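Here's the structure we're looking at; comments come further down.
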Amino acid sequence: MTTLAAGWTGHDTRLIVATVVAIALIVVLISKVKLHPLLALTLGSIGLGLIAGMPVDKLLKSFTKGVGDTVASVGVLIAFGAMLGKLLADSGGADRIVDTVLGRVRGRGLPWAMALVAALIGLPMFFEIGLVMLIPVVLLVAKRSGKPVLLLGVPALAGLSVLHGLIPPHPGPLAAAGALNANVGITLALGLLVGLPTVVIAGPLFGSFAAKLVPDAEPPQRLIPESDGTDAKHRPSFAATLSTVLLPVVLMLAKALADILAGKENVVRRVLDFVGDPLIALLLAVLVGMVVLGRPARLNRTRLSSIVGESLGPIAGIVLIVAAGGGFKQTLVDGGVGDVITNLATGAHLSPLLLGWLVAVAIRLATGSATVATVSAAGIVAPLAATLDPTHNALLVLAIGAGSLFFSHLNDAGFWLVKEYFGMSVGQTLKSWSVMETVISVVAIALILPLGALL
């Protein structure tokens, strides 16, 4: 610490103050003023640059460059993911997965089946969309089976949440990977490695405890659907649906393996480097889905075009928030804040993985947004990523994602969705949903840190 203090300058102090003030401004604007995160991140970036002493022209160029780079690297991927999710929902493919998995499971296997259904449906879908789709299914299965709603609900919520925080092509992990220049294939592989045991612990295992902790959750009857099954014969098959959902995952994992095992001039590696790129993998999945999912559901070209178009509206806000987060990150980097934080972390001998998690936790608690926490934390620790190898860079993405899920509470829209759907009080939601999110975050970082030491 003496060495660190000796190298500390007044300019460094000014940059750290600028960062703290900017983050505090973003937090206040989102949580107190109720300003949209896009506006809050933009104002926070401007405040950061002005306090740090950046020339106005450089400040504006830094912010717009960050926005443009982020949209270019992440925006189209988010759009493709939304298209695939909408195709899955409107074709009946999501219903086919639910009916197939739940039709073969009874009794004690139901919580595990709900976690599996959430994982399969959640791969191409954003958290809010998956949540709205899955909760009616959870309520219906709970009613028909007579099981406590949280016994089945917590595993489903855990499956969705882990995918949202750790697994590309969800916006948070993609944005963090883009900001840190991390390999998406490696991030996906390690995310699955960390995510599976995390879902098991925070889902079925914690779900049995949550059901006893909050035994009297009573979902509103009006939210429990009754399906007559009349359209079941026009749904795509389970095999076709599952193949479409897993196609981008398989292609990205194949690319990651080829990058490790094959030489740069190997023909197979070059092909996989192309088709396994997240942009191409998701594009192929959408095109395949239009045929494989659309044909059995009798979706003509006009309807398919409409579905693809309708999928983009709900994610416009997400794309813009992520883009503004990219602008904030670039302002941090160009203003020199990143270098100061890097030197500070190095001098304090703090693990980059732990630092990324802690920063994301702090922003998540303050703003309530996992996406804002992810893109902001990635920007703050981005300079550290330049010193890491590809594996540890991917682990840093996961550490930030894990931190972004910590203790969802009253400033998180997801908190209120879960509360209303399950008919719980604020206290009951804190004891179940909020604790589950914390379990996910803590278990994930507890797995990530040893992996960082071993790999």
Side-chain angles (χ1 to χ4, degrees), residues 19 22-23 26-27 30 37-38 40-41 44-45 66-67 69-71 73-75 77-78 81 122 126-128 160-182 184 187-188 190-191 194-195 198 278 315 317-333 338 341 352-385 393-408 411-414 437-438 440-441 444-445 448:
T19 304
I23 293 174
I26 292 170
V27 169
I30 292 175
L38 169 63
L41 283 165
S45 301
V67 170
D69 289 349
T70 303
V71 171
S73 62
V74 178
L77 299 180
I78 295 175
F126 301 112
F127 180 79
E128 290 80 4
L160 277 180
S161 192
V162 168
L163 288 166
H164 173 67
L166 302 181
I167 311 295
H170 286 267
L174 276 179
L180 303 178
N181 293 317
V184 175
T187 303
L188 174 59
L190 292 174
V194 171
T198 303
I315 55 94
I318 295 174
V319 172
L320 291 173
I321 291 171
V322 170
F328 181 62
K329 178 219 66 167
Q330 195 63 44
T331 307
L332 284 164
V333 172
I341 292 174
L353 301 180
L354 184 58
L355 176 65
W357 184 78
L358 289 172
V359 171
V361 165
I363 299 174
R364 159 68 161 184
L365 289 173
T367 66
S369 171
T371 303
V372 170
T374 299
V375 296
S376 301
I380 291 170
V381 302
L384 290 173
N393 208 350
L395 287 173
L396 181 56
V397 171
L398 298 181
I400 291 170
S404 75
L405 299 176
F406 192 91
F407 197 73
S408 163
N411 59 358
D412 179 16
E437 289 281 86
T438 305
I440 291 173
S441 181
I445 193 63
I448 292 166

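Computed from a prediction, not measured in an experiment: that's the story for all the values here.
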- Task: Can you measure from CG (Leu398) to CD1 (Ile448) and round to the nearest 0.5 angstrom?
- Result: 5.0 Å
- Search all heavy atoms of Ala22 against all heavy atoms of Gly44 and return the closest pair with its distance. CB-O, 3.5 Å
- Task: Give the minimum heavy-atom separation between Ala394 and Thr187, together with the two atoms involved.
- Result: CB-OG1, 3.4 Å
- Measure across Gly356 and Leu396 and return the closest heavy-atom pair with its distance rounded to 0.1 Å. CA-CD1, 4.3 Å
- Item | Full working for side chain to side chain contact (heavy atoms under 4.5 Å, CB included) between Ile380 and Ile363 | CA-CA 11 Å; Ile380 291 170; Ile363 299 174; 4.3 Å; yes
- So how far is it from Leu174 CG to Ile167 CD1, rounded to the nearest 0.5 Å? 11.0 Å
- Query: Do Ser408 and Arg364 have side chains that get closer than 4.5 Å, going by heavy atoms?
  - Reply: yes
- Here the gap from Ile400 atom CD1 to Leu358 atom CG, rounded to the nearest 0.5 Å, amounts to 11.5 Å
- Taking every non-hydrogen atom, the tightest pair across Trp357 and Ser441: NE1-OG, 3.0 Å
- Message: Any side-chain to backbone donor/acceptor pair from Ser404 onto Thr374? Under 3.5 Å, distance only.
- Response: no
- Message: side chain to side chain contact (heavy atoms under 4.5 Å, CB included) for Leu365 and Phe407? Distances and angles first, verdict last.
- Response: CA-CA 7 Å; Leu365 289 173; Phe407 197 73; 3.9 Å; yes
- Check: Leu405 and Ser161 side chains under 4.5 Å, non-hydrogen atoms: yes
- What heavy-atom pair brings Asn393 and Ala385 nearest, and what distance separates the two atoms? OD1-CB, 3.3 Å
- Message: Does Phe406 form a side chain to side chain contact (heavy atoms under 4.5 Å, CB included) with Ile445? I'd like the steps, not just the answer.
- Response: CA-CA 11 Å; Phe406 192 91; Ile445 193 63; over 6 Å; no
- What heavy-atom pair brings Val71 and Ala323 nearest, and what distance separates the two atoms? CG2-CB, 3.5 Å
